[in-house]
Amino acid sequence: MGEQAPAIELKGISKAFGPVQANKDISIRVMPGTIHGIIGENGAGKSTLMSILYGFYKADKGEIFISGQKTEIPDSQAAIAAGIGMVFQHFKLVENFTVLENIILGAEDGGLLTPSLAKARKTLLELEHEYGLNVDPDAVIEELGVGMQQRVEILKALYRQADILILDEPTGVLTPAEADQLFRILDRLRQEGKTIILITHKLREIMEATDTVSVMRRGEMTATVKTSETSPAELAELMVGRKVLLRVDKTPAKPGNVVLDVKGLRVVDDKGVERIKGIDLQVRAGEIVGIAGVAGNGQSELLEVLGGYADATGEIRVNGQPLELSGKLADGRTRRARGIAHVPEDRQREGLIMDFSAWENTAFGYHRDPGYQSGVLLNNAAIRTDTEEKMNRFDVRPPNPALAAKNFSGGNQQKIVLAREIERNPDLLLVGQPTRGVDIGAIEFIHQQIVALRDKGKAVLLVSVELEEILALADRVAVMFDGHIMGERLSAETDEKELGLLMAGVTA
Amino acid sequence: MDFLTFVQLLDSTVRLATPLLLACLAGLFSERAGIFDIGLEGKMLAAAFFSAAIAAVTGSVWLGLLAGITASMAFSLLHGVASITFRGNQLISGVAINFLAAGLTVLIAQDWFSQGGRTPSLMGGGRFEPITLPFADALDGVPVLGPIYRELISGHSILVYVAFAMVPLTWWILFRTRFGLRLRAVGENPAAVDTAGVSVVGLRYAAVIICGVLCGIAGAYLSTALQAGFVKDMSAGRGFIALAALIFAKWRPWYALYATLLFGLFGALETRPDVIEGLFGLKVQGALLGALPYVMTVIILAGFVGKAIPPRAGGKPYVKER
């Protein structure tokens, strides 16, 4: 046959939510048997576009062609029927069901389960052979690791005979090794003739895994290029619309006295599981120490202990003086008084109260500040003025202190928290996932602020699951795995590969 | 305590457990699908009234049963519209249903029958009569088995047998059918069901309707089989005890049977203080026994006897994420 029809072709897709134009006249052609990347900042409209393809939303305008056939996709059922399978960023699995039950859910063969399960078991075995996707069909989902769960999602799509697989930010929860494995699987699927759409904001993945790449910015498709003919710098510029510093501009650290000194720290969670199994760690004035690791290996607990909302045993000294690790004085207020500021990992749950205004959020934790008082009452006007000044200095948009936290974008929410904590000029700043869900432009700004604090001679402890961020920002890196620190490296003397192995618990 | 007293005690346990069991299974369907339902009480009460009222007017207990189920289903749909379609708070909707039922039943009863908020006493075809199973008399002479068969197994109304048959049926539906798989999935992770191309709303309405039917039967049993007619507040907290039993049973059908039988036994003992006194030489306040189901539920919830983990998406309206 001559010119092959594209596996998916979108023509002039537009979608608005109220006044917000999420997708503007988007056209794209994805050829069968290729991996096509879609890259863009948060809020660029990638997810909306995929939701339209998967039948979650109806486009206001535009047409969808699957293998040359014009196709209407009013709901997920229709998308599945059209051969589209979706692997969501947050897995859509029933946690206490087995792999097999999850796979047949919605694709059962009849009213009774037994024959459906038997058939699925057989098909699963065939898929395993065909694509090398091994997974125990009788394992319960919640007992599987995230990499395995993702495999189940892929198998779910293949079981429904999907020819087109859409993966939304698939590596966000994976170790570098797991991500490599995923890309090998995707490569195998491509060789078998499947079409893959990979949505991500990570330039590296686009460069490594895709054949072609489309860039989205503010709801528009700004370019589609062959991956081999572009560069990360060009893609970043297309995403943001201006030149972006991919590396953080910073001078070598000049470490001073030990500010944070952790010895033999142990944390047992409320289920009795030991989360931190005796770690030693030092952070000096004028340096940024990054804690790398796959989420859930004890980093969060470390921040919680240092921030004063989890109990621990062992010893922590700040500027030479011991911290209380349990009891009444192990709280955030005492920690703040000791010069520790905390930008928590989950800003929407721990950093802000989403329904409260920016000025109220700015006062939290520091509401006893003499400048905020007016007799026994709070001086709201003073807090508002102070907040507005902070918002201006941190380029929060819009700089309106009366707006509720939930009405700011992720990046601006993070800037509100950061402004609150950094402007207190702490001796030790704890930062968790500073740029999670934050777009590239704001990432640059946030990184600059953290480096500026370091250059003022303050100590910074950074926890992030983004290895790129750790390498760019930290002067020294400690890798956590299963509650232990697997090793420490100077970031100038290590690379992603070495850290990736440590993150997987492999010591060289 | 002689053997016959013992069998009689078990017999009344079964009678008292029946409405609890039906309501408990009703709640099980609803909550397994992620819709919490504290309106079981109100639905039972409404069903009790309409069953008795229609049975009294028409003289047919079957029409009464139908009316009871319809009334209960109407309340179920109300709960469904509030909590599924409009994504309202399920607890508030349930409380509203309880109040609505408590008030409406008495009001309508007074308006229709002018007997102080009661229905007339049901007689003959207006009630579910006990069914005597075959050979009940023939086996009477057999020691041990005879009295058990005659007193305990035979001689109940049809609704009792329906209730007990519902246990394996519910188990089979939940764990052996496509509908059951989807129902359990929608209570655990509705997003998984949605992305699999199955309607979350449809499944949840189906669950809520089944809940209505079972509550309807439970209510009808109260006014047309256990007693002969409706009196004010006759559900007497049974909807709440059924909820307690549901937690006690950890949302599983067979455990629901055991839990409701246990709670039924407490109810039976409440009416026979002499039995306890004879056994243990203690005088126990009836009210104390009445409180036992709640006490035990608190113990379960406190995690002393294993963990009772409710369906994970329970109580949360499903909003499709972007």
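Nothing here was measured: the structure is a model prediction, and the numbers come from that model. So that the names make sense, note that chain A is the first sequence line, chain B the second, and so on, each numbered from 1. What's counted below: heavy atoms across the whole structure, side chains too, no hydrogens, waters or symmetry copies.
Here the CG-CG distance, from A:Leu198 to A:Leu167, works out to 6.5 Å after rounding to the nearest 0.5 Å. One distance of note links OG of A:Ser76 with CD1 of A:Ile84; it measures 10.5 Å at 0.5 Å rounding.
Between B:Phe266 and B:Phe263, the ring-plane angle classifies as parallel under the 30° and 60° cut-offs.
Residues of residues 242-249 of chain B lying within less than 4.5 angstrom of chain A, judged on heavy atoms, are absent. Listed in order of number, the residues of residues 68-99 of chain B that approach chain A to under 4.5 Å between heavy atoms amount to none.
Contact check on A:Asp168 versus A:Lys46 returns no salt bridge, with no Lys/Arg side-chain nitrogen under 4.0 Å from an Asp/Glu carboxylate oxygen. Using a 4.0 Å cut-off between a side-chain N of Lys or Arg and a carboxylate O of Asp or Glu, B:Arg312 and A:Glu95 qualify as a salt bridge.
Residues A:Asn96 and A:Glu142 have side chains that never bring a donor and an acceptor to within less than 3.5 angstrom of each other.
Of the residues considered (A:Ile104, A:Asp75, A:Thr114, A:Ile80), A:Ile80 shows the highest number of contacts with chain B, using heavy-atom pairs under 4.5 Å. Ranking A:Leu93, A:Asp109, A:Leu105 against chain B, the residue ahead of the rest is A:Leu105, based on heavy-atom pairs under 4.5 Å.
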Pair A:Arg217-A:Glu220, salt bridge (charged side-chain N to carboxylate O under 4.0 Å, His left out): steps then yes or no: CA-CA 5 Å; A:Arg217 182 171 83 233; A:Glu220 289 181 85; over 6 Å; no

Verdict with supporting geometry, A:Asp25 and A:Lys61, salt bridge (charged side-chain N to carboxylate O under 4.0 Å, His left out): CA-CA 8 Å; A:Asp25 191 28; A:Lys61 263 196 307 199; over 6 Å; no

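For a residue to count as touching a neighbouring chain, one of its non-hydrogen atoms must lie under 4.5 Å from one of that chain's; by this rule B:Arg184 touches chain A with backbone and side chain alike.
Cation-pi contact between A:Lys92 and A:Phe88: present, with separation from the ring centre below 6.0 Å and deviation from the ring axis of at most 45°. Relative to the six-membered ring of B:Tyr255, B:Arg252 meets both conditions, a distance below 6.0 Å and an angle of at most 45° to the axis.
For A:Gln161, the CD atom is loosely surrounded, since the number of other residues' heavy atoms within 6.0 Å does not exceed 12.
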